[in-house]
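Keep in mind it's a predicted model, so treat the numbers as computed, not measured.
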Amino acid sequence: MRLRFREAGIKRLETVASEKISAETHLLKEKEEHLKEIEVLRAQEDRNNEATRFAMENLQLKEEIRRLKSFCMEGEREQMSEQIMVLENKLLEALDWKFMHETDLVRVQVFTFFSVIIFSCV
């Protein structure tokens with residue numbers, strides 16, 4: 001692309017040298033060509049930034065896939081599932097214990113309440 005712009009500039013200089021066009025016309029055309037070249041380079045830069053962003057995203061996704069594959073292959077999933085089941089059982093045991101002791105506490109409070117009522121009546 002840049003080569004094409006340079007070749008066009010060389011041709012214009014040759015026509016100026018052979019006095020087919022004026023130097024002023026040459027400068028105006030050269031300015032237009034430089035503006036076009038700048039636009040092309042900016043577009044290439046934008047595409048390059050996009051390509052870089054896509055490449056980084058691809059690397060991140062590949063790493064995530066690798067991590068997930070190793071997670072499944074190494075049996076970590078099963079280990080975590082077993083650990084979750086153990087923790088669930090411990091939680092149920094703790095809740096049962098708490099429920100049993102709360103029930104005992106309520107019984108003691110009810111007994112105490114009735115004992116106070118009975119002794120106050122006597």
Side-chain angles (χ1 to χ4, degrees):
M1 187 62 73
R2 296 180 99 183
L3 184 60
R4 186 182 69 165
F5 288 118
R6 299 295 177 220
E7 287 175 353
I10 291 170
K11 286 180 185 177
R12 277 194 312 279
L13 284 173
E14 288 172 348
T15 56
V16 168
S18 65
E19 296 181 0
K20 292 183 180 176
I21 61 169
S22 68
E24 190 175 309
T25 306
H26 164 69
L27 292 175
L28 288 174
K29 287 187 178 191
E30 188 175 23
K31 179 184 173 186
E32 289 174 14
E33 287 295 320
H34 284 305
L35 292 174
K36 287 178 187 176
E37 185 177 2
I38 289 170
E39 283 180 37
V40 168
L41 290 173
R42 282 189 181 146
Q44 287 176 349
E45 179 184 8
D46 290 343
R47 284 193 299 271
N48 189 26
N49 288 339
E50 272 187 52
T52 303
R53 186 173 55 87
F54 288 140
M56 287 299 296
E57 189 175 334
N58 281 344
L59 289 175
Q60 291 170 348
L61 291 171
K62 284 179 182 178
E63 176 60 26
E64 187 174 347
I65 288 170
R66 186 199 59 75
R67 189 177 49 79
L68 290 173
K69 280 182 180 178
S70 73
F71 179 77
C72 290
M73 295 176 94
E74 294 173 8
E76 290 180 30
R77 182 173 184 226
E78 289 80 16
Q79 289 175 351
M80 288 182 71
S81 180
E82 289 173 11
Q83 289 175 349
I84 289 171
M85 285 176 42
V86 168
L87 290 173
E88 284 176 343
N89 290 336
K90 287 182 180 181
L91 176 64
L92 290 174
E93 288 174 15
L95 290 174
D96 285 344
W97 184 86
K98 183 180 177 186
F99 178 72
M100 285 182 1
H101 284 80
E102 283 179 353
T103 306
D104 291 342
L105 181 63
V106 169
R107 284 184 197 149
V108 169
Q109 288 174 345
V110 168
F111 178 75
T112 307
F113 175 73
F114 284 121
S115 298
V116 170
I117 292 176
I118 290 173
F119 285 120
S120 64
C121 291
V122 174

Please report, to 0.1 Å, the donor-acceptor pairs under 3.5 Å made by any side chain of residues 57-67, with sequence neighbours excluded.
unit_1: Glu63; atom_1: OE1; unit_2: Arg66; atom_2: NE; d: 3.2
unit_1: Glu63; atom_1: OE2; unit_2: Arg66; atom_2: NE; d: 3.4
unit_1: Glu63; atom_1: OE2; unit_2: Arg66; atom_2: NH2; d: 2.4

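- A distance of 11.5 Å separates CD1 in Ile38 from CD in Glu33, rounded to the nearest 0.5 Å.
- Other residues, nucleotides and ligands contribute only 12 or fewer heavy atoms inside 6.0 Å of the CZ atom of Arg42.
- Considering Glu32, Lys36, Glu37 in turn, Glu37 is the only one that fulfils the side chain to side chain contact (heavy atoms under 4.5 Å, CB included) rule with His34.
- With sequence neighbours excluded, the residues forming a side chain to side chain donor-acceptor pair (under 3.5 Å) with Thr25 are Ser22, listed by chain and number.
- Applying the under-4.5 Å side-chain rule to Ile, Leu, Val, Met, Phe, Trp and Tyr, the cluster around Leu91 extends to Leu95.
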